[in-house]
Participant: 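Mind looking over this structure? Questions follow.
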Amino acid sequence: MKLAIVGGGPAGLYLSILLKRQDPAHDITVYERNPAGSTYGWGVTYWAGLLDKLRAGDPESAAAVAEASVTWTDGVAIVRDERTVHRGDAGFGIGRRRMLTLLADRAGELGVRVEFEHDVPGADAPELAGADLVVAADGVHSVLREAHAGHFGSEVTAGRNPYIWLGTTKVFDSFSFAFKETGHGWIWCYAYGFSGERSTCVVECSPETWTGLGLDTRGEGESLRLLEKLFHDLLDGHELIGRSQADDAAQWLTFRTLTNRVWHRGNLVLLGDAAHTTHYSVGAGTTLALEDALGLADALRSSADLDTALTTYGKRRRAELVSAQSAARYSAQWYENLPRYMSLEPAMMFALLGQRHSPLLPHVPPQLYYRIDRAAEQLEPLRRLKRWLGPRVARAVHGRR
């Protein structure tokens, strides 16, 4: 087949690798509008299960990604200047730029053409003419999807809290949180290492705190200095790093949750953030995008009929995403309702932070939920009741809205 993949992020590049390995005769071009190495995003996270899947898809790129990653096993939280530790499963971080370089190099080794600084402005672009399959891997603002938004049934839900994606010279050896109370409400940070020199910091707060601290009007430089003071004990004197825009604008955003009713139209198929997004607080965006690539490659391998393969891919991946999307939705809501949990002792609050994906937690007093959760660790019948009750309470509440 002749394939045009629009978007040189992890999903688009990895799909090109998988399909070229399946059939070296495929004619595959990846079009990326930005220059090589210009990606923004600091580091991304993933867990061990993804590495197993990547090894099955392409051992060479999986080994390169694993070698370039850093790992951690603990979670650390600073709440009201008190530090608490939670033992957890191993997690991994890798610089987004490093990951993309590794995948682009591997794709090139296999014979994929990766064309940087090549913008594809729409579905009728000449680069797409004659392609048997066009893959829209061009992100949440996908121009290819937007050309047929009515067909795809695209829906976007805006989150409530402003957030900003930053880097720091502090290298964290655990996934770390800090929650700071100000005269205008709470502000918090998630931080994790992605190399031996840098870490990612995501800062979030309510709209009221954002405006109360003047973060809505401060430039990037002034905003970073304020955040460094607020999170001084987390950063240990290290600096925060922004995007250094020419106009000194701070890049605050609100998260956009995207869903699509269907994922293909003719020979055009959606992949990664062009198809769906999940709130950054669950750290699953890159993993889900790569799993999309694995799912699409498998569907194309399993069926000679393109429409059947694309239909199968979309149905299967939408079903597989239900759990992750639910977890992301409840995680975002947990942070949007943070004051509900901040009167708890720090260790109890941190334990419920780990339970933020639960559909039951928003409907049970936090201290009672904590006691139920601790008891459920010892009693299997109570654990089963907790798993059974959560979705039913959520559906009942949702049905009354």
Side-chain angles (χ1 to χ4, degrees), residues 39-45 75 77-79 93 96 139-141 156-168 170 172 175-182 184-194 198-231 234-235 239-245 248-258 273 276-289 324-325 327-342 353 356-357:
T39 184
Y40 173 67
W42 305 106
V44 298
T45 60
I78 300 173
V79 185
R96 180 175 169 84
V140 64
H141 301 293
V156 176
T157 304
R160 177 175 179 267
N161 289 348
Y163 71 97
I164 190 168
W165 203 272
L166 303 169
T168 178
K170 166 71 182 290
F172 291 92
F175 203 107
S176 302
F177 302 84
F179 299 85
K180 298 295 179 178
E181 190 172 19
T182 75
H184 305 282
W186 290 89
I187 187 168
W188 54 95
C189 174
Y190 330 88
Y192 55 89
F194 64 83
R198 294 286 188 271
S199 298
T200 296
C201 288
V202 184
V203 178
E204 182 182 343
C205 60
S206 71
E208 295 78 14
T209 303
W210 186 58
T211 56
L213 292 173
L215 292 168
D216 58 328
T217 58
R218 297 175 188 262
E220 181 179 79
E222 190 180 0
S223 296
L224 296 188
R225 303 296 83 78
L226 173 60
L227 295 175
E228 286 168 355
K229 290 178 182 178
L230 287 170
F231 297 109
L234 178 75
L235 296 169
E239 65 175 356
L240 291 170
I241 308 168
R243 295 185 67 174
S244 300
Q245 299 292 102
D248 193 42
Q251 300 297 301
W252 289 93
L253 305 167
T254 54
F255 191 80
R256 292 160 53 88
T257 299
L258 168 72
D273 283 358
H276 57 85
T277 60
T278 54
H279 194 262
Y280 54 84
S281 62
V282 297
T286 299
T287 292
L288 296 176
Q325 289 173 330
R329 183 171 64 253
Y330 284 111
S331 179
Q333 290 174 359
W334 192 92
Y335 286 107
E336 289 175 352
N337 293 283
L338 186 77
R340 183 174 189 255
Y341 306 99
M342 297 313 294
L353 170 66
R356 66 190 183 277
H357 311 141

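Excluded from the calculations below are hydrogen atoms, water molecules and symmetry mates; all remaining heavy atoms, backbone and side chain alike, are included.
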Participant: Less than 4.5 Å apart, any side-chain heavy atom of Val203 and any of Phe231?
Facilitator: yes
Participant: Checking side-chain contact (heavy atoms from CB on, under 4.5 Å) for the pair Trp334/Leu353: CA distance, chi angles, key distance, verdict?
Facilitator: CA-CA 8 Å; Trp334 192 92; Leu353 170 66; 3.6 Å; yes
Participant: Under 6.0 Å between the ring centres of Tyr335 and Tyr190?
Facilitator: yes
Participant: What closest approach, in Å, do Ala332 and Ser281 show between heavy atoms, and which atom pair accounts for it?
Facilitator: N-OG, 4.1 Å
Participant: Could you list the residues that satisfy salt bridge (charged side-chain N to carboxylate O under 4.0 Å, His left out) with Arg225, not counting sequence neighbours?
Facilitator: Glu228
Participant: Could you state the interatomic distance from OG1 (Thr157) to CZ (Phe255), rounded to the nearest 0.5 Å?
Facilitator: 10.5 Å
Participant: Can you confirm whether Trp188 sits close enough to Phe179 that some side-chain heavy atom of one is under 4.5 Å from a side-chain heavy atom of the other?
Facilitator: yes
Participant: Sort out for me which residue in Thr254, Asn161, Asp216 forms a side chain to side chain contact (heavy atoms under 4.5 Å, CB included) with Pro207.
Facilitator: Asn161
Participant: What residues form a salt bridge (charged side-chain N to carboxylate O under 4.0 Å, His left out) with Arg198, not counting sequence neighbours?
Facilitator: none
Participant: Can you give me the closest heavy-atom contact between Asp248 and Gly221, atom names plus distance?
Facilitator: OD1-N, 3.1 Å
Participant: What are the two closest non-hydrogen atoms of Glu204 and Tyr280, and how far apart are they?
Facilitator: OE1-OH, 2.9 Å
Participant: Please examine the side chains of His357 and Val282, heavy atoms only from C-beta on, and report whether any two atoms are closer than 4.5 Å.
Facilitator: yes
Participant: Under the rule for side-chain hydrogen bond (donor to acceptor under 3.5 Å, both in side chains), what residues qualify as partners of Glu181, not counting sequence neighbours?
Facilitator: none
Participant: So which heavy atom on Tyr192 is nearest to which on Gly43, and how close?
Facilitator: OH-O, 2.7 Å
Participant: Will you find, in the side chains of His184 and Thr182, an N or O donor that is under 3.5 Å from an N or O acceptor?
Facilitator: no
Participant: Is Gln251 close to Trp165 at the side-chain level, that is, under 4.5 Å between some pair of heavy atoms?
Facilitator: no
Participant: For the residue pair Leu227 and Ile187, establish whether any side-chain heavy-atom pair is separated by less than 4.5 Å.
Facilitator: yes
Participant: Where is the tightest heavy-atom contact between Ala191 and Cys201, given as atom of each residue plus distance?
Facilitator: CB-SG, 3.8 Å
Participant: Go through the structure and list residues passing salt bridge (charged side-chain N to carboxylate O under 4.0 Å, His left out) with Glu222, not counting sequence neighbours.
Facilitator: Arg218
Participant: Tell me every residue that passes ring pair (Phe, Tyr, Trp, His ring centres under 6.0 Å) with Phe194, counting only those two or more places apart in sequence or in another chain.
Facilitator: none
Participant: Who passes salt bridge (charged side-chain N to carboxylate O under 4.0 Å, His left out) against Arg160, sequence neighbours left out?
Facilitator: Glu208
Participant: For Arg356 and Ser331, which heavy atoms make the closest approach, and how far apart are they?
Facilitator: NE-OG, 2.9 Å
Participant: Would a distance-only check, ignoring hydrogens and angles, find a side-chain to backbone donor-acceptor pair under 3.5 Å from Thr45 to Gly283?
Facilitator: yes
Participant: Going by side chain to side chain contact (heavy atoms under 4.5 Å, CB included), Leu288 matches just one of Asp273, Thr278, Thr277. Which one?
Facilitator: Thr278
